[in-house]
Amino acid sequence: MGNVSKQKRKKRPMYRDVYEELKGLILSGEYLPGTKVPTEPELQKRFNASRVTIRLGVDMLVNEGLLDRQQGRGTFVPVAVRRRLRVLCVVGLNFASSHHHHLGSYYSDLIVFSQEQAAAAGWELEIVWLPTYQKAQRFEAYCEEEVLRQYVAFLFLACGSNHPVLLQVQKMNLRYSIISPTHLIPNGVYLDYPQGISLAIQQFDDDKAKAIVLMGVGYNWDLVMQSLAEVSRKAILVNVPVDPGRGTLASAGYERTMELIRDGQDLSRLLVLDDNVALGVTRALLSLGYKDRPIKVVVMVGKQEIEPMGMPVTYVVHDTEEEVRHAFQSLRQQMDDRSVALPVWFSSFSVLPPQEAGKIEKGKLKVEN
């Protein structure tokens, strides 16, 4: 915290310190609804303050409805406070500059499912967009100790292990969970991309002498090459350049596919590492009659993101809803015991062949009678 904040704290009355700290403990869930808070003598010792000072600070919380004095029993956190517990969801993306405000189905689903899980737990989900690469000043307000203690827990989406708010939350030993495709972090959910890529490559087991065309956007190609080497499979890696000024990921996939076809590239074995790119890829293939040719198309995607591609496609899917469920389960477990860092939960991929993909309706598998 900056020097100015420290100076302000020194100048304000002591009862304000009592008020601010106890309020933070209540809103962060340290004192859960129904919990009896320390007695006035205990608080006097804790703050090294007079009884009058403690009484003034507690009175402010009673007036706000955050504490309830019960004659002969003590002072408690009201059960009604449960409805005011907040989770801060930190999204490490810059929504304003992401392809004409097109967030993409994966992160959109993460946010929607997180809102549902928070509501089911009786928490309010507050979302803030804090891209890791922005200037340090952007994070200062969310790294203040008084600010962070107003939240019961933290959820990090699309954030790296060096995100300033995550580092501060870890330093303060607050409750958090992170969903990450690339970082193995305690209390986190990890998308097991190595397993997913290996599974996707295995779908092309007809002729290993023929190369697979892999298409992705700024992907971790080292990871792809490692998976290819493990199964001795040849591949042509195609990066799909995206110009936000020209269109979406789907349009970028369409244009890149048309370029490949004009260059005579064999696309009979095609692996696409992004569902939005795949929409453009299949549109290009359909426009040139590839639906009636012997072709194998595999798309890596979240199960909830599947959209009709217009032609038979094998999906290698992970379960986005289950990932969010595990992230919130981690937060609830930390409510019971914050001292133990929970192990990483690995979200694996599975194969959804074309005949099963046809049963998908708005991301949900329809139950057949």
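Quick note: numbers below take in every heavy atom, side chains included, and nothing from hydrogens, waters or symmetry partners.
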Participant: I want to check something: taking the side chain as every heavy atom from C-beta on, are I185 and Q170 in contact at a cut-off of under 4.5 Å?
Facilitator: yes

Participant: Under the rule for salt bridge (charged side-chain N to carboxylate O under 4.0 Å, His left out), what residues qualify as partners of E259, not counting sequence neighbours?
Facilitator: R256

Participant: Check the pair L67 / I26 against side chain to side chain contact (heavy atoms under 4.5 Å, CB included), numbers first and verdict last.
Facilitator: CA-CA 9 Å; L67 285 178; I26 294 168; 3.8 Å; yes

Participant: Below 4.5 Å, heavy atoms only, C-beta onward: do V90 and H163 meet side chain to side chain?
Facilitator: yes

Participant: What residues, two or more places apart in sequence or in another chain, satisfy side-chain contact (heavy atoms from CB on, under 4.5 Å) together with M225?
Facilitator: L228, L237

Participant: Name all residues meeting the side chain to side chain donor-acceptor pair (under 3.5 Å) criterion together with Q71; count only those two or more places apart in sequence or in a different chain, and write none if there are none.
Facilitator: none

Participant: Verify the cluster assignment for V351 and L271: are they in a single hydrophobic cluster under the rule of side-chain heavy atoms below 4.5 Å apart?
Facilitator: yes

Participant: Checking side-chain polar atoms at under 3.5 Å, does Q334 have a donor or acceptor matched by the opposite partner on S330?
Facilitator: yes

Participant: Say whether W221 and V316 are linked into one hydrophobic cluster, either directly or through other cluster members, by side-chain heavy-atom distances under 4.5 angstrom.
Facilitator: yes

Participant: Indicate the atoms forming the closest heavy-atom contact of P308 with L279, along with that distance.
Facilitator: O-CD2, 4.1 Å

Participant: Report the distance from atom CD1 of I179 to atom OG of S114, rounding to the nearest 0.5 Å.
Facilitator: 5.5 Å

Participant: What verdict does the salt bridge (charged side-chain N to carboxylate O under 4.0 Å, His left out) test give for R86 and E124, after you've listed the backbone C-alpha separation in whole Å, the side-chain angles of each residue and the deciding distance to 0.1 Å?
Facilitator: CA-CA 5 Å; R86 294 184 297 164; E124 176 186 342; 5.3 Å; no

Participant: Between T282 (side chain only) and M309 (backbone N and O only), is there a donor and an acceptor less than 3.5 Å apart?
Facilitator: yes

Participant: Under the side chain to side chain contact (heavy atoms under 4.5 Å, CB included) rule, what do Y106 and V301 come out as? Steps first, then yes or no, please.
Facilitator: CA-CA 8 Å; Y106 173 61; V301 63; over 6 Å; no

Participant: Atom CG of residue position N48 - does it have more than 12 heavy atoms of other residues, nucleotides or ligands inside 6.0 Å?
Facilitator: no

Participant: Looking at every non-hydrogen atom in both residues, tell me the closest pair between S251 and R283 and how far apart they are.
Facilitator: CA-NH2, 4.3 Å

Participant: Would you mind listing every ring pair (Phe, Tyr, Trp, His ring centres under 6.0 Å) that reaches into residues 325-351, with sequence neighbours excluded?
Facilitator: Y190-F346, Y193-F349, H318-F349, H326-W345

Participant: For the OG1 atom of T53 and the CZ atom of R51, what is their distance to the nearest 0.5 Å?
Facilitator: 12.5 Å

Participant: Measuring only between side-chain heavy atoms, which start at C-beta, is V297 closer than 4.5 Å to T314?
Facilitator: no

Participant: For M60, which residues count as a side-chain contact (heavy atoms from CB on, under 4.5 Å) partner, sequence neighbours excluded?
Facilitator: Y15, R16, Y19

Participant: Please examine the side chains of I261 and L285, heavy atoms only from C-beta on, and report whether any two atoms are closer than 4.5 Å.
Facilitator: yes

Participant: Could you grab the distance from atom CG of N187 to atom CG of L166, nearest 0.5 Å is fine?
Facilitator: 9.5 Å

Participant: Please list, chain by chain and in numerical order, all residues satisfying side-chain contact (heavy atoms from CB on, under 4.5 Å) with S268, sequence neighbours excluded.
Facilitator: D266

Participant: Quick test of your reading of the model: are R149 and E20 salt-bridged, counting only N-O distances below 4.0 Å?
Facilitator: no

Participant: Checking L88 against V128 for the side chain to side chain contact (heavy atoms under 4.5 Å, CB included) test, could you report, in this order, the C-alpha distance in whole Å, the side-chain angles of both residues, the deciding distance, and whether it holds?
Facilitator: CA-CA 7 Å; L88 182 65; V128 60; 3.8 Å; yes

Participant: What residues form a side chain to side chain donor-acceptor pair (under 3.5 Å) with S287, not counting sequence neighbours?
Facilitator: none

Participant: Can you see which heavy atom on Y107 is nearest to which on A158, and at what distance?
Facilitator: CE2-CB, 3.5 Å

Participant: Would you confirm whether D319, through its side chain, and E321, through its main-chain N or O, come within 3.5 Å as a donor-acceptor pair?
Facilitator: yes

Participant: Is any side-chain heavy atom of I111 closer than 4.5 Å to one of I127?
Facilitator: yes

Participant: To which residues is F76 joined in a hydrophobic cluster, defined by side-chain heavy-atom contacts under 4.5 Å among Ile, Leu, Val, Met, Phe, Trp and Tyr, whether direct or through other members?
Facilitator: none

Participant: About how many Å separate SG of C89 and CG of L130, when rounded to the nearest 0.5 Å?
Facilitator: 10.5 Å

Participant: Closest heavy-atom contact between I54 and F47?
Facilitator: CD1-CD1, 4.0 Å

Participant: Hey, does S180 have a side-chain heavy atom less than 4.5 Å from the side chain of V189?
Facilitator: no

Participant: Ignoring hydrogens, what is the shortest heavy-atom contact between P241 and A252? Give both atom names and the distance.
Facilitator: O-CB, 3.7 Å

Participant: Only counting residues at least two apart or in another chain, list the ones meeting side-chain contact (heavy atoms from CB on, under 4.5 Å) with A211.
Facilitator: K234, I236

Participant: Residues in side chain to side chain donor-acceptor pair (under 3.5 Å) with S347, at least two apart?
Facilitator: E323

Participant: For the pair D68 and R73, find out whether any cationic side-chain nitrogen is under 4.0 Å from an anionic carboxylate oxygen.
Facilitator: no

Participant: Is any side-chain heavy atom of Y315 closer than 4.5 Å to a side-chain heavy atom of I306?
Facilitator: yes

Participant: Residues sharing L167's hydrophobic cluster, by side-chain heavy-atom contacts under 4.5 Å among ILVMFWY, directly or via others?
Facilitator: none

Participant: In chain order, what residues pass the side chain to side chain donor-acceptor pair (under 3.5 Å) check against R46, with sequence neighbours excluded?
Facilitator: E21, Y31

Participant: Quick check for you: to the nearest 0.5 Å, what is the distance between S108 atom OG and F113 atom CZ?
Facilitator: 10.5 Å

Participant: Side chains of V58 and L22: closer than 4.5 Å at any heavy-atom pair?
Facilitator: yes

Participant: First locate atom CG of L85, then atom CE of M335, and finally report the distance between them rounded to the nearest 0.5 Å.
Facilitator: 6.5 Å

Participant: Any chance the side chains of S348 and Q195 put a donor and an acceptor closer than 3.5 Å?
Facilitator: no

Participant: Is L223 reachable from L184 through a run of hydrophobic residues whose side-chain heavy atoms are each under 4.5 Å from the next?
Facilitator: no

Participant: Say whether, by atom type as modelled, one donor and one acceptor occur between the side chain of Q44 and the main chain of S50 under 3.5 angstrom.
Facilitator: no

Participant: Sort out for me which residue in L267, L273, L260 forms a side-chain contact (heavy atoms from CB on, under 4.5 Å) with M215.
Facilitator: L260

Participant: Could you pull out the closest heavy-atom pair between R325 and R332, with the gap in Å?
Facilitator: O-NH2, 4.3 Å

Participant: Should K23 and E64 be marked as a salt bridge (charged side-chain N to carboxylate O under 4.0 Å, His left out) after you check the CA-CA gap, both sets of side-chain angles, and the distance that decides it?
Facilitator: CA-CA 10 Å; K23 182 176 181 179; E64 288 187 16; 3.7 Å; yes

Participant: Would you please test L288 and M258 for side chain to side chain contact (heavy atoms under 4.5 Å, CB included) and show each step?
Facilitator: CA-CA 9 Å; L288 296 176; M258 296 299 284; 4.0 Å; yes

Participant: Under 4.5 Å between side-chain heavy atoms, counting indirect links through other Ile/Leu/Val/Met/Phe/Trp/Tyr residues: same cluster for Y290 and V238 or not?
Facilitator: yes

Participant: How about T39 and E42: does a side-chain donor come under 3.5 Å of a side-chain acceptor?
Facilitator: yes

Participant: Do side-chain atoms of R175 reach the backbone of V152 as a donor and acceptor pair under 3.5 angstrom?
Facilitator: yes

Participant: Has R269 got its NZ or CZ under 6.0 Å from the middle of the six-membered ring of F204, at an angle within 45 degrees of the ring axis?
Facilitator: no

